[in-house]
Amino acid sequence: MNVVQKLIASHLAEGEMKAGNEIAISIDQTLTQDATGTMAYLEFEAMGIPKVRTRVSVSYVDHNTLQSGFENADDHRFLQTIASKYGVYFSRPGNGICHQVHLERFTKPGQTLLGSDSHTPNAGAVGMLAIGAGGLNVALAMAGEPFWLVMPKVVKVNLKGSLNKGVSAKDIILDVLRQLTVKGGVGKIIEYTGEALKDLTVPERATITNMGAELGATSSVFPSDDQTRAFFTAQGRAEDWTGLIPDIDAVYDEEIEVNLDSLVPLTAAPSSPDNIKTVKEVQGIPVKQVCIGSCVNSSYSDLMVAARMLKGKKVHPDVSLTISPGSRQTLQMVSENGALADIVSAGARILESTCGPCIGMGQSPPTGAVTLRTFNRNFPGRSGTPNDQSYLCSPMTAAASAIKGAITDPAEELSAPVVIPLPDRYIIDDAMIVAPSTEPDKVVVERGPNIKPFPVKKPLEASLTARIIIKVGDNVTTDDIMPAGAKILPLRSNIPAISEYVFSKIDNEFTSRAKASEGGIVVGGNNYGQGSSREHAALAPMYLGIKVVFAKSFARIHKDNLINFGILPLTVEPEIYDSLEEGSEIELPDAAKEVRESDSITFVDKKSAKSYSTGHGFTQRQRKIILAGGLLNYVKNKS
Ligand code: MIC
Ligand code: SF4
C-alpha cells in the first residue's frame, strides 16, 4: 500500500477503498479558524453534545484580527468561551496562523485531521491525512461522526535530484501546479516520494502540501521519515513521532515527476495559481509591494531566508515590504536570534502573526501596481484592490525583488545557496494555547450582537421553478461568490448581513435580483467554487433562496457545502451550459421524486420550452441530505 491507502485503511469506518466509491473515515483531530469557526461551533452546539469526541480539537483565531469594530472582538470572546465549555483548545489571537501552529504543536503522523479551512492539508507534511471541509462537516467530526468523501485516486509525485541555488520548495509546488493546473487534483490525493525527500525538511514539505489545495486535491501527503522525526524532536515532541512509509511495491493511480536539478525559480502570474511562468520571463517588472507570510511560507525557515537576503541591504524606496510571521514561535525565534533586527533594519513593515494581507485584511496594494506575494492564492481582487496584479513566489524571489524594486531572479543575485538548517530546538512556549475548562458547566458562552442564529432550510419541494439570477464562467472562486476582506469578513457570524455581498465583486446587483425573484438559480462553468472551504459561499446563497447551481464541474469542498445546505449542485454538459441564459425561468417538475428515486434530474427551460435531463450522481446519503433540506436537518431526523 501507499501512504494514503495506509492512512485511509487505518481509519476506514464505512465503504470500500475503491477510487470513486463513497467512504467514511474516522477523524482524530479537528481544527477551526475564526472566520469559519463561529458557524462551526454554533452548529456543534445545536447538536446538543456535551463535549467533543475527537482526540484533539483546536480553535484558532488568525483571520479576523483587525478589530475595527466590535464584531471581531466579540467573536473572539464567543470562540474562547465556547471552546472552553466543549473541550476544545483555544489558540489566542497573536499565537499564529492555524496551519503553522497546528503543524508545530498538534500534528501526529498516522492520524487524521479535518479542518474548516482549505489549507488544512498543510499537516500532510508529517504523514497525516489532513482534509479541508465546511464548518458543518467539522462540527459533525467534533461530534464523533466519521467524515464522508469519495475515495480519491492517489497520484505519485516523484521528486528527483536536488534544489539549485535560488530555488526552493515553493518552486516545486508551483511546478506541480504548472503540470496539473487548478483543477488537476480534483478527486485525488497527491503523495510525494523519491530521492529528493531526504533533503526536504518538514517546513519545506508543508509549503508543498499546503498549496496542494490550489490543485483542487482532496489532500497531499508526505511519508513520515527521519526528517519528520528531526522536526518532532526539535519541537520537543519526539514521543509524538511514528514512522509511516509506502510499501516497496506500493501502487499508484497516476504518476508525475519533478526534477529538482533542472527546476528554476517560478511565479504564478495574475490571477490564478496555475498561471506559471519562470521568474526570468517576468524579470524587471516594477514592483510596488512585496508580502512575505501566509500559511504557505511563514515558517522560521522562510523568515530566516528573507532575513539572510535582507541583511545589510535596504528595501527599494518604491516598495512596501511586509512580513507576517506564521506563528508566535517563529516570531520568538527570529527575535531572539537577531534576524528580526536585520529585517527591520532593511525597512520591512512587521505585521501580526496572522493571515493579514493574504485574505485582504489590510495591506491592499496600490491601484495598477504589481504586488509580489509568498502566498498561495492570487485570485482576482483577493488582495482588496480591484484589478490587482498579484504574483506568487518563494521568499527568496520576494526578498531579492524587494531590494531591487522589480521582479528579480534570486538565482542570479546569490553567490551561494541560502541554506537554513532545521533548528535543534524550537522555542517552546504554549502560553497562548488555552486548555478547555475542567468545570465546563460553569463556563458561560459569551455572544455579542453580531452573532445571529444560522438559517434553517425546509425539506426539498416536490417541484421547483426559479429564475437564473447569474451566469458565470470557468474557475469561479469562493472569493467571487462570497468575498472576504476587512469589510465583509467580520460579518461571518451574521448570515443576513453577509448575504448582502454575495457575488458583489462581479455583480453588485446580484443580491437585489435574488431578493426580487425570491430566490433563483446560479449557472457556473468548470471548477465552480474553487478555493476556500467557506460554507458561507453556500449558506448565504441559501439564505437568499438559491435552490440550484448548474455547472460544468464543481470543486470538491464547495459541492459538499452546497449539498450540506440543501442546494442542488447539478453538473451539465457544455452545450446545456451554453443554452442557459440569465433571466430564464427553469422548472424542475419532479425534483424531490427524482432525487429520491432516479439517477437523473429533468428540467425545462421555459423560455425555449426545451427539456433536458442530467445525471445528478448523488449517493444514497447525499440524496437523503438534499431531501431533508441540508445536513443539519438530516442529522436531526436521524437522531
Ligand atoms: C482562504 O485562504 O481563502 C481562507 C480565508 O483561509 C479560507 C477560509 C475562509 O474563507 O474562512 C479557506 O481557505 O478555506
Ligand atoms: Fe490564512 Fe491565507 Fe492561509 Fe487562508 S491561505 S489560512 S487566509 S494565510
Side-chain angles (χ1 to χ4, degrees), residues 31-40 59-66 72 75 79 91 93 96-103 114-123 130-135 137-138 173 206-207 209-214 216 268 273 291-299 302 322 324-327 330 351-363 373-384 390 392 477-486 488-493 498 501 529-540 555-558 560-561:
L31 73 76
T32 56
Q33 40 87 341
D34 48 336
T36 56
T38 45
M39 277 297 142
S59 169
Y60 293 90
V61 176
D62 52 4
H63 283 63
N64 261 327
T65 58
L66 273 189
N72 295 342
D75 282 0
L79 289 166
S91 173
I97 306 176
C98 55
H99 308 301
Q100 179 63 25
V101 179
H102 207 83
L103 184 72
L114 195 72
S116 62
D117 191 281
S118 65
H119 290 103
T120 303
N122 192 69
I131 301 178
N137 291 111
V138 176
I173 184 63
T207 294
T209 51
N210 178 296
M211 228 178 144
E214 276 55 66
C291 301
I292 298 179
S294 100
C295 56
V296 63
N297 275 121
S298 59
S299 67
D302 290 320
T322 70
S324 334
S327 65
T330 298
L351 306 181
E352 270 195 290
S353 295
T354 58
C355 303
C358 176
I359 190 59
M361 278 305 212
Q363 306 298 331
R373 302 174 154 219
T374 67
F375 304 169
N376 42 28
R377 292 189 171 144
N378 57 348
F379 300 147
R382 181 172 160 100
S383 68
S390 178
L392 309 175
T477 73
T478 46
D479 279 280
D480 295 319
I481 305 167
M482 189 69 265
I488 306 176
L489 213 50
L491 303 174
R492 284 289 181 92
S493 15
I498 206 168
Y501 297 95
Q530 69 159 330
S532 154
S533 68
R534 61 189 72 149
E535 58 190 359
H536 301 73
L539 193 45
R556 173 188 65 90
I557 306 179
H558 187 59
D560 281 352
N561 282 336

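Atom set for the values below is all heavy atoms of this structure, side chains included, hydrogens, waters and symmetry mates excluded. Predicted, not measured: the structure shown is a model, and the values here were computed from it. The residues of the chain are indexed from 1 along the displayed sequence. Whatever order the structure lists them in is the order used to number ligands and atoms, beginning at 1.
- At least one heavy atom of R382 sits under 4.0 Å from some atom of ligand 2.
- Annotation for ligand 1: atoms under 4.0 Å from non-hydrogen atoms of S533 are 12 (C), 14 (O).
- Between H99 and Y60 the shortest side-chain heavy-atom distance does not fall below 4.5 Å.
- Near C358, meaning under 4.0 Å from one of its heavy atoms, ligand 2 places the atoms 2 (Fe), 5 (S), 7 (S), 8 (S).
- Ion pairing between R534 and D117 fails under the 4.0 Å rule for side-chain N and carboxylate O.
- Applying side chain to side chain contact (heavy atoms under 4.5 Å, CB included) to L489 and the options T65, N64, D34 leaves one that passes, N64.
- Here C355 fails the criterion, with no N, O or S atom under 2.8 Å of atom 3 (Fe) of ligand 2.
- In terms of protein heavy-atom proximity, atom 10 (O) of ligand 1 is nearest to R534 NE, 2.6 Å.
- For atom 7 (C) of ligand 1, the closest non-hydrogen atom of the protein is S532 OG, 3.2 Å.
- S324 places a side-chain heavy atom less than 4.5 Å from the side chain of P357.
- Close approach of ligand 1 to A35 is summarised as follows: ligand atoms under 4.0 Å from at least one heavy atom of the residue are 11 (O).
- Distance alone, capped at 3.5 Å, is enough to place a donor-acceptor pair between the N378 side chain and the A268 backbone.
- At the top of the distance list for atom 8 (C) of ligand 1, counting protein heavy atoms only, stands Q33 NE2, 3.1 Å.
- Two residues are said to be in side-chain contact when any heavy atoms from C-beta on lie closer than 4.5 Å; L103 and N122 meet this criterion.
- The closest protein non-hydrogen atom to atom 8 (S) of ligand 2 is C295 N, 3.3 Å.
- Near H63, with a cut-off below 4.0 Å to any heavy atom, the atoms of ligand 1 are 4 (C), 5 (C), 6 (O).
- Atoms of ligand 2 lying under 4.0 Å from any heavy atom of D117, numbered from 1 in the order shown and given with element: 6 (S).
- Here's the thing with S116: none of its N/O atoms is less than 3.5 angstrom from an N/O atom of ligand 1.
- With a 4.0 Å cut-off on non-hydrogen atoms, I359 touches ligand 1 through its side chain and not its backbone.
- In terms of N/O distances under 3.5 Å, ligand 1 is approached by S118.
- Looking at E214 and R377, their side chains come closer than 4.5 Å, going by heavy atoms from C-beta outward.
- Residue contacts with ligand 1 for R382 involve side-chain atoms from C-beta outward but no N, CA, C or O (heavy atoms, distance under 4.0 Å).
- The shortest heavy-atom distance from R377 to ligand 1 is under 4.0 Å.
- Heavy-atom separations between R492 and ligand 1 include at least one value shorter than 4.0 Å.
- Close approach to N376 involves these atoms of ligand 2, each under 4.0 Å from a residue heavy atom: 5 (S).
- Polar contact with ligand 1: present for D117 (N/O pair, distance under 3.5 Å).
- Between H63 and P93, the closest side-chain pair of non-hydrogen atoms is not below 4.5 Å.
- At the top of the distance list for atom 4 (Fe) of ligand 2, counting protein heavy atoms only, stands H63 NE2, 3.9 Å.
- Between E535 and T36, the closest side-chain pair of non-hydrogen atoms is not below 4.5 Å.
- F375 CZ to L392 CG: the interatomic distance, rounded to the nearest 0.5 Å, is 9.0 Å.
- Counting atoms of ligand 2 from 1 in the listed order, those under 4.0 Å from a heavy atom of H119 are 5 (S).
- Taking 4.5 Å as the limit, every side-chain heavy atom of I292 sits out of range of all side-chain heavy atoms of D302.
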Worksheet item: For Q100 and C295, what are the C-alpha separation, side-chain angles and deciding distance, and is it a side chain to side chain contact (heavy atoms under 4.5 Å, CB included)?
Response: CA-CA 6 Å; Q100 179 63 25; C295 56; 5.7 Å; no
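- Looking at S390 and R382, their side chains never come closer than 4.5 Å, going by heavy atoms from C-beta outward.
- Counting the atoms of ligand 1 from 1 in the order shown, those under 4.0 Å from a heavy atom of T36 are 9 (C), 11 (O).
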